[in-house]
Structures are given as C-alpha cells and as structure tokens.
There are 2 protein chains.
Amino acid sequence: MKISELSRTTGVPVASIKYFRRQGLLPAGRATAATLAEYGDEHVQRVRLIKALTTLGGLSIAATRDVLAAVDGAEGPDGTLKAISYALPVPVAQAPVEDADQEAEAESAAAADVADLVAAMDWRVAAASPHVQGLRAALRELRRLDAGYQPDRLVAYAELAHAVAGLDLERAAGFDDSPALAEQAVIVLALSGPVLELLRRLAQEDRVRRRMELVGDGDDLL
Amino acid sequence: MKISELSRTTGVPVASIKYFRRQGLLPAGRATAATLAEYGDEHVQRVRLIKALTTLGGLSIAATRDVLAAVDGAEGPDGTLKAISYALPVPVAQAPVEDADQEAEAESAAAADVADLVAAMDWRVAAASPHVQGLRAALRELRRLDAGYQPDRLVAYAELAHAVAGLDLERAAGFDDSPALAEQAVIVLALSGPVLELLRRLAQEDRVRRRMELVGDGDDLL
DNA sequence: AGTGCTAGATAGTGGCAGTATCGAGTTGGG
DNA sequence: CCCAACTCGATACTGCCACTATCTAGCACT
C-alpha cells in the first residue's frame with residue numbers, strides 16, 4: 001500500500017503521516033526504491049492508534065512516542081502493563097510553588113492526605129510514583145481553594161477508582177496471549193479514562209436534570 | 001491590595017493577572033485613580049480558581065471564561081449546576097470524519113451503543129447534549145481500533161460513573177445556601193474529574209504491582 | 001517522453017498562553 | 001517638592017506545539 005492509500009484508509013493527511021514518521025511514532029515503510037515504500041496493515045493500525053491517543057487520550061506527540069515505545073519494548077505482559085502505566089502522562093502540572101508558609105502547610109497536609117489514603121486503601125504504590133506526586137499537587141491546590149476533601153469522601157472516590165481499575169486490568173489481561181497484547185493494553189489503560197470522564201459527565205447531566213425536576217426542559221431527551 | 005500583592009499572595013505573575021483581566025476571566029479592581037486599583041479577597045479567590053481550572057482542570061483560557069461566566073450568571077442552585085455542566089468542555093474532539101462506508105457503520109453502531117446505554121441506565125440526557133456527542137465519537141474511535149466495549153462492560157463503567165456523579169452532586173448540593181455556591185460547585189464539577197483520574201492511575205499502579213507479585217521491585221513503597 | 005506519484009529535508013503557518021515593553025499617570029519617602 | 005518605584009492599559013513580541021507546504025530528486029506507468 002502506498003502512502004496515499006494509507007492516508008485514505010485512515011483519514012489522516014499524508015503530511016501528518018510523514019510528520020509522525022519524523023517524530024518516531026511510526027516505523028518507516030518497507031522501501032522498494034529510493035522514492036517509494038510499501039506500507040501494511042500494521043501501519044494502518046498504528047496510525048489509528050496514534051490518532052486515538054492524541055485526540056481521545058489527549059496525549060501530546062512526545063507522550064505518545066513514550067507510550068508507543070513502551071508498547072514496542074514490551075517484555076512480558078505484566079512488565080508491559082507497568083511500562084505503559086508509567087509512560088502515560090499525569091494530568092497535573094506539578095509545580096512545587098514554594099511560596100509562603102501557608103503553602104508549605106497545604107503541601108504537607110496534602111502529602112499526609114495521600115499517605116492516609118494509600119494506607120486506608122492498602123495500596124502498594126511507589127513513593128516516587130508520578131501518580132502520587134500528581135495527587136499531592138491536586139489536593140494541595142484544592143486545599144488552597146478551601147475545597148479539600150474530607151478523608152472519608154476521598155476514600156469513597158478511591159474505592160470507585162479501584163473498581164474501575166479492576167475492570168480495566170481485567171480487560172487488559174484478557175488479551176494476554178494475543179500478539180497485539182501491548183497495543184490492546186495501551187488502548188484500555190489510556191483510553192478508558194476519557195470514556196469514564198464522558199460517562200461521568202453524562203451521569204452528572206442526568207442527576208442535574210432529576211434535581212431540577214424539569215425533565216422536559218425544552219430539550220429532546222434520549 | 002495592589003496588583004503586586006495580589007501577585008505575591010497567589011503566586012501568579014503580574015503579567016498573567018493582567019492577561020486574565022484582558023481575557024475577561026477576572027473583574028477589574030476598584031479604580032482609585034487613573035493608574036491605580038484596589039483588589040480584594042474575591043480577586044485572590046478568583047485568581048486561584050482560574051489557576052486551578054487551567055492547570056488542574058486542564059481547561060483552556062476560553063473554556064475557563066465560559067465556565068466562570070456560568071458561575072457569575074448563576075440563577076438558582078440547579079440552574080447553576082446545569083449551566084456549569086454544559087460550559088465544561090468535552091474531552092473529545094468530535095470530528096465527524098465521514099470517510100468510507102465502514103466509517104458510517106462504526107458511526108451508527110456507536111450511536112446505537114450510546115442509545116442502549118442510556119436506556120439501560122435510565123438516564124435522562126438531551127439528545128443534543130455535548131456529552132452524548134462526545135461519547136459517540138469516543139466509542140466510534142474505539143470501534144475503529146477493534147477495541148469496542150461489550151454492552152455489559154460499558155454498563156459496568158457507567159454504573160461506577162453514576163456513583164461518582166452522585167458523590168459530586170451530593171457535595172455540590174451541600175453548598176446550596178452559601179454565597180459561594182456556584183464557585184464551590186464549579187470546583188467540584190470541574191476538578192473531581194482530574195482527581196478521579198489520578199486515583200484511577202494510583203489504583204491501576206497498585207493492581208499492576210500485585211499482578212506482578214514483585215512487590216518490592218526496587219521501589220520504595222508508600 | 002511526459003504526467004503523476006513518492007521519499008526525505010527544510011521551512012512556514014496558526015493557535016495558544018503567556019511575557020515584555022511602553023507611555024502616561026501616581027505615590028510615598030527624604 | 002522631587003524622584004524613584006510603582007501602577008494602569010494597550011500593543012507587540014516570544015516560545016511551544018502540531019501540523020502543513022514547498023522543494024529536490026527519483027521512480028513508474030502509458
């Protein structure tokens with residue numbers, strides 16, 4: 001398949017495909033001549049995956065490269081899962097800020113919140129895990145806004161998150177023996193977040209409408 | 001308080017504060033002279049809110065402006081909730097794509113998935129809701145990747161999302177009579193998503209570690 | 001032989017989120 | 001009273017990112 005066909009079947013412009021090549025997201029086609037290369041189904045799938053990770057998953061090109069590197073460098077199912085889990089970017093810019101004293105207070109309080117939560121859930125996570133860092137940063141900001149979570153409320157969220165992660169892993173593990181294990185795993189791990197977020201929004205909309213008890217409200221339902 | 005003090009207490013550069021003003025995210029201070037204005041605690045809170053929405057919530061400046069407009073134009077608690085819910089951006093670029101025939105097939109299949117889900121959950125959501133559009137787009141992309149959700153699995157995620165939304169709304173409603181209702185509501189609705197995502201990642205890490213049964217693994221836990 | 005496609009390299013575009021600079025005005029300390 | 005330090009608002013500039021366009025040189029089918 002020529003690059004123009006690859007472009008047509010994926011719906012991605014030729015120039016973008018070349019760009020992905022340059023950025024190392026996509027392997028080169030099999031060169032048949034100095035100015036001609038042959039692409040296969042694996043390229044189609046890879047291009048679609050790149051598109052899904054960037055548009056659905058909201059990953060940057062650099063983050064996508066890291067994730068795909070984890071996919072390609074997979075060593076055993078569990079190692080792959082861990083590599084992908086760590087390659088995925090954390091959705092919080094963790095600026096330490098260090099400003100006044102109250103900031104330091106919020107900082108340590110947030111750290112304590114995270115520690116308590118992890119203990120309460122009996123989670124095994126690395127102290128240096130980017131997810132821990134990110135959660136600390138998030139809780140710190142919420143505290144600064146006087147909108148901190150009470151511990152029991154945080155635990156309630158955590159339990160739901162734990163259940164979701166259970167669904168994800170179960171699904172990812174279902175592909176264990178497939179040749180495309182890593183690829184399916186990255187789809188599950190990276191894209192269930194956005195799907196869950198969408199479902200949360202939908203559920204939120206439902207609950208708000210029911211609260212309003214103005215079910216008709218001028219909008220067509222369903 | 002002068003702008004330099006506002007900058008110091010919030011940790012946001014003066015130039016950025018001015019930028020927020022220009023973009024209509026922040027009301028002007030009370031002018032005391034042609035080149036001097038007085039800022040108050042409400043400005044401190046607003047700046048922090050802007051920072052939280054953009055960094056934690058990942059909102060663009062434009063989206064933040066829309067959300068804050070919904071906050072300021074609030075009419076009654078429930079109306080506020082609805083306005084905020086709709087002002088929040090949907091985390092999926094919903095490009096219709098319209099390419100080949102198989103695309104149309106994935107499109108309608110995704111639409112059917114969403115309809116079935118909404119029916120199964122007995123959710124009341126607008127047919128034109130951005131969240132419905134977004135979910136359709138997301139499921140379509142997943143289908144194209146041969147990674148669609150089976151209906152029962154999707155329902156399982158939806159039930160968890162429903163539970164999360166319940167926690168959120170309960171919390172947002174707890175502020176009903178406060179003067180800062182809308183502000184707290186936007187914090188809960190906009191920022192619980194990222195927090196949940198972080199918790200999901202943390203839970204994922206825990207489950208992966210347990211699967212590996214290499215608990216030590218060289219990393220310090222907790 | 002000519003038209004149309006291709007590869008790879010380099011340069012350019014448009015959007016976004018600030019950041020810097022400027023002229024005009026104000027204020028607080030000496 | 002004077003001047004350095006600060007402020008206002010407006011305008012321009014910067015850096016990053018994800019493409020997108022252009023160019024040169026080479027195939028390939030008719």
Side-chain angles (χ1 to χ4, degrees), chain A residues 1-40 43 46-68 89 91-93 95 97, chain B residues 1-40 43 46-68 89 91-93 95 97:
Chain A
M1 159 184 344
K2 292 188 290 189
I3 199 172
S4 55
E5 300 173 77
L6 178 57
S7 167
R8 218 170 308 114
T9 55
T10 58
V12 174
V14 170
S16 299
I17 293 175
K18 288 186 173 187
Y19 172 66
F20 294 156
R21 270 272 302 111
R22 282 197 303 279
Q23 299 303 315
L25 307 192
L26 188 69
R30 190 173 53 80
T32 60
T35 62
L36 218 50
E38 178 72 11
Y39 299 89
H43 291 94
R46 178 53 67 101
V47 169
R48 283 189 177 146
L49 182 55
I50 292 167
K51 257 312 176 200
L53 288 176
T54 55
T55 64
L56 279 192
L59 301 200
S60 68
I61 293 294
T64 304
R65 176 175 43 233
D66 293 346
V67 169
L68 292 177
V92 175
V97 178
Chain B
M1 170 184 332
K2 292 188 290 189
I3 199 171
S4 55
E5 301 174 77
L6 177 58
S7 167
R8 219 170 306 117
T9 56
T10 58
V12 174
V14 170
S16 300
I17 293 174
K18 287 185 173 186
Y19 172 65
F20 295 156
R21 271 272 300 113
R22 283 200 302 282
Q23 300 301 317
L25 308 192
L26 188 69
R30 192 174 51 80
T32 60
T35 63
L36 218 49
E38 178 73 11
Y39 300 89
H43 291 93
R46 178 53 67 101
V47 169
R48 286 189 175 144
L49 184 54
I50 292 167
K51 256 312 176 197
L53 288 176
T54 54
T55 65
L56 280 191
L59 302 199
S60 68
I61 293 294
T64 304
R65 176 175 42 234
D66 294 346
V67 170
L68 292 177
V92 176
V97 179

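Reminder, nothing fancy here: chain letters follow the sequence lines and each chain counts from 1. The basis for the numbers below is simple: all heavy atoms, side chains too, and nothing from hydrogens, waters or symmetry mates. In this text the structure is predicted, and so the values were computed from the model without any measurement.
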Check: If you measure from CZ on A/R21 to NE2 on A/H43, what distance do you get to the nearest 0.5 Å?
Finding: 8.0 Å
Notebook entry, point to check: Rounded to the nearest Å, what distance is computed from the CD atom of residue B/E5 to the C1' atom of nucleotide D/dC6?
Noted result: 12 Å
Margin query: The side chain of B/A34 is closest to which nucleotide in this list: C/dG8, D/dC27, C/dG25?
Written below: C/dG25
Checklist line | Passing option when A/F20 is tested against A/T54, A/L68, A/T64, A/I50 for side chain to side chain contact (heavy atoms under 4.5 Å, CB included) | finding: A/I50
Next item on the list: Return the value, rounded to whole Å, for the distance between atom CG of B/L25 and atom C1' of C/dA17.
Entry: 11 Å
Notebook entry, point to check: Is the shortest side-chain N/O distance from B/Y39 to OP1 or OP2 of D/dC8 below 4.0 Å?
Noted result: yes
Notebook entry, point to check: Tell me: CD of A/Q23 to P of D/dA18, nearest whole Å?
Noted result: 8 Å
Next item on the list: Take A/A33 and B/A28, find for each the nucleotide of DNA chain D with the closest heavy atom, and name the residue whose nucleotide sits nearer the 5' end.
Entry: B/A28
Next item on the list: Measure from CD1 on A/I17 to C1' on D/dA18 and round the result to the nearest Å.
Entry: 15 Å
Next item on the list: Take atom CZ of B/R21 and atom P of C/dT19, then tell me their distance rounded to the nearest Å.
Entry: 18 Å
Notebook entry, point to check: NA contact type, A/S60, heavy-atom cut-off 4.0 Å: base, sugar-phosphate, or nothing?
Noted result: sugar-phosphate
Check: Between the side-chain atoms of B/R22 and the base atoms of C/dT19, is any donor-acceptor pair under 3.5 Å?
Finding: yes
Note to self: Below the 4.0 Å mark, does C/dA17 have OP1 or OP2 next to a side-chain nitrogen or oxygen of B/S16?
What the structure shows: no
Check: Of the nucleotides C/dT19, C/dT26, D/dT20, which has the atom closest to the B/P13 side chain?
Finding: C/dT19
Check: If you check every side-chain atom of B/L36, which of C/dT19, C/dT26, D/dA18 has the closest atom?
Finding: C/dT26
Check: Is there a donor-acceptor contact under 3.5 Å from the side chain of A/T10 to the main chain of A/L6?
Finding: yes
Check: Expressed in angstrom and rounded to an integer, what is the separation of A/F20 atom CZ from D/dC17 atom P?
Finding: 16 Å
Next item on the list: Say whether, by atom type as modelled, one donor and one acceptor occur between the side chain of B/S7 and the main chain of B/I3 under 3.5 angstrom.
Entry: no
Check: When we call it a touch if two heavy atoms are under 4.0 Å apart, what does A/S4 touch: a base, just sugar-phosphate, or nothing?
Finding: sugar-phosphate
Check: Would you say B/E5's side chain and B/K2's backbone share a donor-acceptor pair under 3.5 angstrom?
Finding: yes
Next item on the list: Mind calculating the distance between CG (B/L6) and C1' (D/dC8) to the nearest angstrom?
Entry: 14 Å
Notebook entry, point to check: Looking across every strand, which nucleic acid part, if any, lies under 4.0 Å from A/K2 by heavy atom: base, sugar-phosphate, or nothing?
Noted result: sugar-phosphate
Item checked: Position toward the 5' end of DNA chain C (nearest nucleotide), B/A62 or B/K18 -> B/A62
Check: Picking from C/dA17, C/dT27, D/dA18, which would you name as closest to the side chain of A/I61?
Finding: D/dA18
Notebook entry, point to check: Rounded to whole angstrom units, what separation is found between the OH atom of A/Y19 and the C1' atom of C/dG14?
Noted result: 14 Å
Margin query: Using a 4.0 Å heavy-atom cut-off, does B/A37 contact any base of the nucleic acid, only the sugar-phosphate backbone, or nothing at all?
Written below: sugar-phosphate
Next item on the list: Would you check if the side chain of B/E38 reaches a backbone N or O of B/M1 as a donor-acceptor pair within less than 3.5 Å?
Entry: yes
